[in-house]
Amino acid sequence: MDCIFCRIISGEIPARMLGESAHSVSFLDAFPLARGHVLVIPKSHRAKIQDLDAKENADLFGLVHTMISGVDLVAGSTLMAVHNGPGAGQEVPHVHVHLVPRSGDDHAGPIHSMFDGVVKLSESETDDVCKLVGKQPLL
């Protein structure tokens with residue numbers, strides 16, 4: 001397979017492995033945004049969060065929960081980010097959760113600084129979004 005994360009899981013590409021669970025692994029990012037930048041990924045190749053089954057999802061976020069305390073020790077706070085699809089900035093089409101150590105002086109800013117501004121929606125547009133998003137079954 002051509003997926004870099006699948007190649008890391010298979011051992012074909014070396015990585016600084018940090019943790020493992022039944023369905024997930026964590027390792028240092030090879031191109032870190034900050035000292036201590038960690039990736040947590042499922043062992044199975046899945047492109048988006050919704051492609052994970054319930055067991056894989058719980059396992060992935062269980063390992064995220066385990067790893068985040070250690071990442072927090074690096075700088076005091078942690079940014080957790082998932083780019084879910086190419087339109088959201090996902091560069092590798094394999095689910096991966098970024099855990100990036102953050103501090104008040106890193107100048108990275110909050111999530112709102114990534115965008116030019118907030119979107120202004122009318123009441124009917126907001127209602128339409130609620131209907132679209134709310135069509136998904138609740139667990």
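- Side chains of Ser122 and Glu125: a donor-acceptor N/O pair is present below 3.5 angstrom, by distance only.
- Cluster membership for Val92 and Leu60, using ILVMFWY side-chain heavy atoms within less than 4.5 angstrom, is not shared.
- Checked options Arg102, His98, His37; the residue passing with Leu79 is Arg102 (criterion: side chain to side chain contact (heavy atoms under 4.5 Å, CB included)).
- When the side chains of ILVMFWY residues are joined at heavy-atom separations under 4.5 Å, either directly or via intervening members, Val100 and Ile41 end up in two distinct hydrophobic clusters.
- The residue from Ile9, Val38, Leu39 that alone fulfils the side chain to side chain contact (heavy atoms under 4.5 Å, CB included) condition with Phe27 is Leu39.
- Interatomic distance, Cys3 SG to Ile13 CD1, rounded to the nearest 0.5 Å: 9.0 Å.
- Atom CE in Met80 sits 14.0 Å away from atom CE in Met67 (nearest 0.5 Å).
- No side-chain donor-acceptor contact under 3.5 Å links His23 to the backbone of Pro42.
- Heavy-atom contacts from other residues, nucleotides or ligands closer than 6.0 Å to CD1 of Ile111 number 12 or fewer.
- Between the side chain of Ser24 and the main chain of Ser21, no donor-acceptor pair closer than 3.5 Å is present.
- Going from atom CD1 of Ile4 over to atom NE2 of His94 covers 11.5 Å, rounded to the nearest 0.5 Å.
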Between Glu56 and Ser44, is the side chain to side chain donor-acceptor pair (under 3.5 Å) condition met? List the steps.
CA-CA 9 Å; Glu56 291 169 324; Ser44 297; 3.3 Å; yes
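- In summary, the side chains of Gln50 and Asn57 do not present any donor paired with an acceptor at a separation below 3.5 Å, with no hydrogens or angles considered.
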